[in-house]
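Here the structure is a predicted model, which means the values were calculated and not measured. A note on names: the letters A, B, ... follow the listed sequences, proteins ahead of strands, and every chain is numbered from 1.
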Amino acid sequence: MSFDEIVRLGQQRGFFFKTAESYPNTPAGFLDYGPQGVGLKNRMVELWRRVVVKRDGMLEIDGSQILPRAVFEASGHLSSFTDPFVKCAKCGSVFRPDKLIEEKTGKGVPEKLGDAEYDQEMERSGVKCLKCGSRLSGTTRFNMMFKVGIGPAQEEAYLRPETCQSIFVDFPLLFKTQRVKLPVGIAQVGRSFRNEIAPRQALIRLRELNQAEVEVFFNPKKADDPRFDASLDKALSFRLPDGTDARMTVGEAREKGVVPHKLAGHYLALIAGFYEDAGIGPDAIRFRVLAEEDRAFYSRAAFDLEAKLSWGWVELVACNYRGDFDLGGHARVSGSNFTVDDDGEKVLPHVFELSLGIDRSMFAVMESSMKGEGERRVMALRPYLSPTQVCVFPLVNKDGLQEGARRVYEDLRESFDAFYDESGGIGRRYARADEAAVPACVTFDYDSLKDGTVTLRDRDTRAQERVSVPELRSRLAELTRSPAIGKRGPGR
RNA sequence: GCGGCCUUGAUCCAGUGGUUAGGAUAGUGGCUUCCCAAGCCACUUGCCCGGGUUCGAAUCCCGGAGGCCGCACCA
């Protein structure tokens with residue numbers, strides 16, 4: 001199913017759509033979730049809680065979206081989360097100085113030059129405005145963070161560009177009050193904000209995005225602790241920096257140095273397991289191992305979890321070994337103590353991060369769930385992810401079948417996310433339910449009037465069976481139950 | 001942000017200076033209907049925004065926004 005078709009279906013069935021669509025000229029990069037989208041998002045997050053956060057015994061927090069300037073000094077975002085720009089004084093055209101110099105001289109420009117150095121380089125190489133031919137100088141920075149002013153004094157603060165800074169900043173307090181020991185994971189679901197230059201592709205690149213992040217704090221001397229052996233047999237696919245693909249177990253990846261330590265391998269296995277539970281097959285999941293020059297400034301090792309969609313691989317999770325970059329930075333700038341006790345040893349913990357994009361993950365799960373046979377399109381979401389769990393229909397709209405169906409619906413809707421529909425023929429209603437990923441449909445027919453049984457129709461097989469109304473509850477509960485802890489995923 | 005192409009009901013498409021802007025799909029109401037998008041009747045929703053040319057612009061021109069692709073960016 002193509003990208004466009006998913007976008008269309010997403011809007012049609014109430015999963016997601018452009019923000020403020022009724023107003024012309026609304027900027028790109030923002031989207032609203034409809035009723036089905038909210039349901040899917042909540043269930044994806046809940047699955048993540050079960051199979052990642054709770055299974056691993058992590059803590060979860062919910063931090064503020066606005067953070068003071070100092071936090072981003074320490075995190076490096078103020079200096080590094082920027083792109084250099086130069087604006088032609090004559091005609092107003094905007095260029096990237098590094099690209100202009102590179103084009104003119106044919107030589108690469110060293111990364112992370114200062115503004116003045118860009119101006120010097122442009123002067124030396126005689127770069128001119130591509131539009132009007134004027135001399136260029138005056139490099140400025142475009143920071144991708146949204147700036148906000150707090151209070152009447154408009155004190156400088158920023159909408160967080162990633163959720164993890166709250167976790168780092170809160171870490172010492174959590175460590176003291178929550179009676180935890182290293183290693184410990186701290187998780188957070190929340191919104192982040194990035195002023196992208198070119199947001200594109202609906203859910204794939206947004207200016208306001210939802211993230212589910214995990215920061216694992218550990219003693220670097222114990223990164224190969226036997227406690228992480230449980231995942232050694234889990235097979236994962238890697239795309240190596242040299243462009244080759246390799247499928248190997250976590251244990252092999254550790255031996256070959258593909259992952260820096262067992263801990264990293266364990267968490268890669270954990271997050272891969274989440275996507276398998278979300279319905280993306282192991283063949284469609286891989287970790288792209290980033291070469292040093294492709295890594296973010298804080299990263300000692302980086303793995304992008306990518307999912308194979310019909311138009312290519314899409315990055316869903318950034319997995320980074322951040323070392324002590326973050327806690328060290330916050331310790332320096334804040335003056336607070338970020339070291340903790342680990343069996344009598346004073347440690348500045350290292351961090352391994354799983355930074356998951358919820359919006360694009362939803363998109364990926366939807367796309368990889370789509371099954372089509374001609375006109376018939378089915379979103380075969382795992383039943384525990386389906387926003388609507390059951391639809392209830394009267395077979396026809398007469399002879400008291402509507403009333404009977406309504407009673408069943410009202411009985412179910414307190415326990416399940418149920419939907420009642422009597423509009424259109426029965427086949428059309430099944431088709432609508434299939435597109436909206438509803439795993440079970442209940443039809444109240446003439447036999448129901450006689451013996452109290454209803455038809456239970458399965459989305460994926462289209463098979464029907466008769467069940468009594470009391471039995472419905474247990475059948476639906478079983479159908480929509482989340483994967484049990486300990487029975488799936490790494491270490492299985 | 002740069003370059004190319006594009007923008008007509010919720011969706012897909014026709015209309016290329018003067019049309020009551022048309023169709024299909026979807027939707028809603030009704031009729032019909034004993035299980036997989038059947039049929040009949042009725043109805044709702046539209047020319048991306050702003051400026052210009054013209055007696056007259058959905059149609060031509062300029063700018064902006066949005067969309068797709070490529071580049072760049074991507075914590």
Side-chain angles (χ1 to χ4, degrees), chain A residues 2-5 7-14 17-30 34 72 75-77 80-87 93-96 98-100 102-103 130-131 142 144-145 160-165 192 194-202 204-206 209 211 213 290 294-299 302 304 311 315 317-320 322 325-326 353 355 357 360 374-378 393-399 401 423-435 441-449 454-455 457-459 462-464:
Chain A
S2 74
F3 176 82
D4 288 341
E5 283 173 294
V7 171
R8 218 174 292 147
L9 184 86
Q11 178 180 290
Q12 206 75 26
R13 294 293 172 209
F17 35 85
K18 267 180 60 181
T19 292
E21 207 269 337
S22 45
Y23 280 86
N25 297 354
T26 301
F30 303 93
F72 299 110
S75 69
H77 286 89
S80 301
F81 200 51
T82 59
D83 281 323
F85 272 93
V86 61
K87 189 171 181 178
S93 305
V94 173
F95 305 97
R96 292 204 39 157
D98 51 341
K99 298 298 154 197
L100 287 177
E102 204 171 313
E103 224 163 85
L130 297 180
K131 281 263 166 66
F142 171 70
M144 302 240 291
M145 290 194 291
R160 60 185 180 187
E162 53 182 5
T163 55
C164 62
Q165 293 308 324
S192 297
R194 297 175 191 175
N195 205 352
E196 295 281 357
I197 295 166
R200 220 183 262 181
Q201 292 194 311
I204 304 299
R205 185 183 291 186
L206 291 163
L209 56 139
Q211 293 186 296
E213 291 198 299
L290 271 62
D294 293 329
R295 282 181 229 142
F297 53 88
Y298 51 71
S299 185
D304 284 348
W311 60 89
E315 179 193 336
V317 188
C319 311
N320 284 297
R322 302 176 72 123
F325 180 88
D326 305 283
E353 157 187 86
S355 176
R360 37 174 84 187
E375 280 287 287
R376 195 177 119 89
R377 289 197 306 201
V378 183
F393 311 136
L395 181 59
V396 292
N397 295 318
K398 58 180 183 179
D399 301 329
L401 297 188
S423 158
I426 189 76
R428 180 180 296 268
R429 283 175 267 163
Y430 284 142
R432 278 193 289 241
D434 287 343
E435 269 193 10
C441 290
V442 169
T443 302
F444 191 94
D445 57 22
Y446 286 95
D447 290 338
S448 311
L449 288 174
V454 292
T455 300
R457 181 255 193 190
D458 181 84
R459 174 193 66 201
R462 298 207 266 177
Q464 302 191 347

(request) Can you check each nucleotide of nucleotides 34-39 of chain B against protein heavy atoms at under 4.0 Å and return B for base, S for sugar-phosphate only, - for none, in 5' to 3' order? (result) BBBBS-
(message) Taking C62(B) as the reference, what is the distance to C6(B) when you measure between their P atoms (whole Å, please)?
(response) 13 Å
(request) Provide the distance between the two P atoms, one in U53(B) and one in A26(B), to the nearest whole Å. (result) 45 Å
Length of the [atom1]-[atom2] vector between [X] and [N], whole Å:
X	N	atom1	atom2	answer
Asn195(A)	C73(B)	CG	C1'	13 Å
Arg360(A)	C74(B)	CZ	C1'	8 Å
Asn397(A)	G30(B)	CG	P	9 Å
Phe17(A)	U11(B)	CZ	C1'	15 Å
Arg205(A)	C74(B)	CZ	P	9 Å
Leu290(A)	C74(B)	CG	C1'	11 Å

(message) At less than 4.0 Å, is any side-chain N or O atom of Arg194(A) found next to OP1 or OP2 of C74(B)? Yes or no.
(response) no
(message) Measuring to OP1 and OP2 of U28(B), would you say a side-chain N or O of Ser423(A) lies under 4.0 angstrom away?
(response) yes
(request) Assess the side chains of Asp399(A) and Tyr446(A): does a donor N or O sit below 3.5 Å from an acceptor N or O? (result) yes
(request) Kindly express the pairing pattern of RNA chain B in dot-bracket notation, using | wherever a base pairs with another strand and counting only Watson-Crick or G-U pairs under 3.5 Å. (result) (((((((..((((....[...)))).(((((.......)))))....(((((..]....))))))))))))....
(message) According to ring-ring contact (aromatic ring centres under 6.0 Å, His included), who are the partners of Phe325(A), at least two apart in sequence or on a separate chain?
(response) Phe297(A)
(message) The criterion is ring-ring contact (aromatic ring centres under 6.0 Å, His included); which residues satisfy it with Tyr430(A), sequence neighbours excluded?
(response) Phe393(A)
Applying side chain to side chain contact (heavy atoms under 4.5 Å, CB included), can you list everything that pairs with [X], at least two apart in sequence or on another chain?
X	result
Asn397(A)	Pro394(A), Gln402(A), Glu422(A)
Arg295(A)	Leu290(A), Glu292(A), Ser299(A), Ala302(A)
Ser75(A)	Phe72(A), His77(A), Gln165(A)
Glu435(A)	Leu9(A), Arg13(A), Arg377(A)

Among all residues two or more places apart in sequence or in another chain, which pass the salt bridge (charged side-chain N to carboxylate O under 4.0 Å, His left out) test with [X]?
X	value
Glu213(A)	none
Asp445(A)	Arg466(A)
Arg194(A)	none

Please list, for nucleotides 60-66 of chain B, all pairs of protein and nucleotide N/O atoms separated by less than 3.5 Å.
{"unit_1": "G64(B)", "atom_1": "N2", "unit_2": "Asn25(A)", "atom_2": "OD1", "d": "3.1"}
{"unit_1": "G66(B)", "atom_1": "OP1", "unit_2": "Ala28(A)", "atom_2": "N", "d": "2.9"}
{"unit_1": "G66(B)", "atom_1": "O2'", "unit_2": "Lys18(A)", "atom_2": "NZ", "d": "3.4"}

(message) I want to confirm an ordering. Mapping Pro199(A) and Glu315(A) to their closest nucleotides on RNA chain B, which one lands closer to the 5' end?
(response) Pro199(A)
(message) If you assign Tyr298(A) and Gln11(A) each to the RNA chain B nucleotide with the nearest heavy atom, which residue ends up on the more 5' nucleotide?
(response) Gln11(A)
(request) Could you tell me the separation between the CD atom of Gln211(A) and the CZ atom of Arg160(A), rounded to the nearest 0.5 Å? (result) 8.0 Å
(message) Tell me if the side-chain of Arg8(A) makes a donor-acceptor pair with the base of C12(B), cut-off 3.5 Å, by modelled atom types.
(response) no
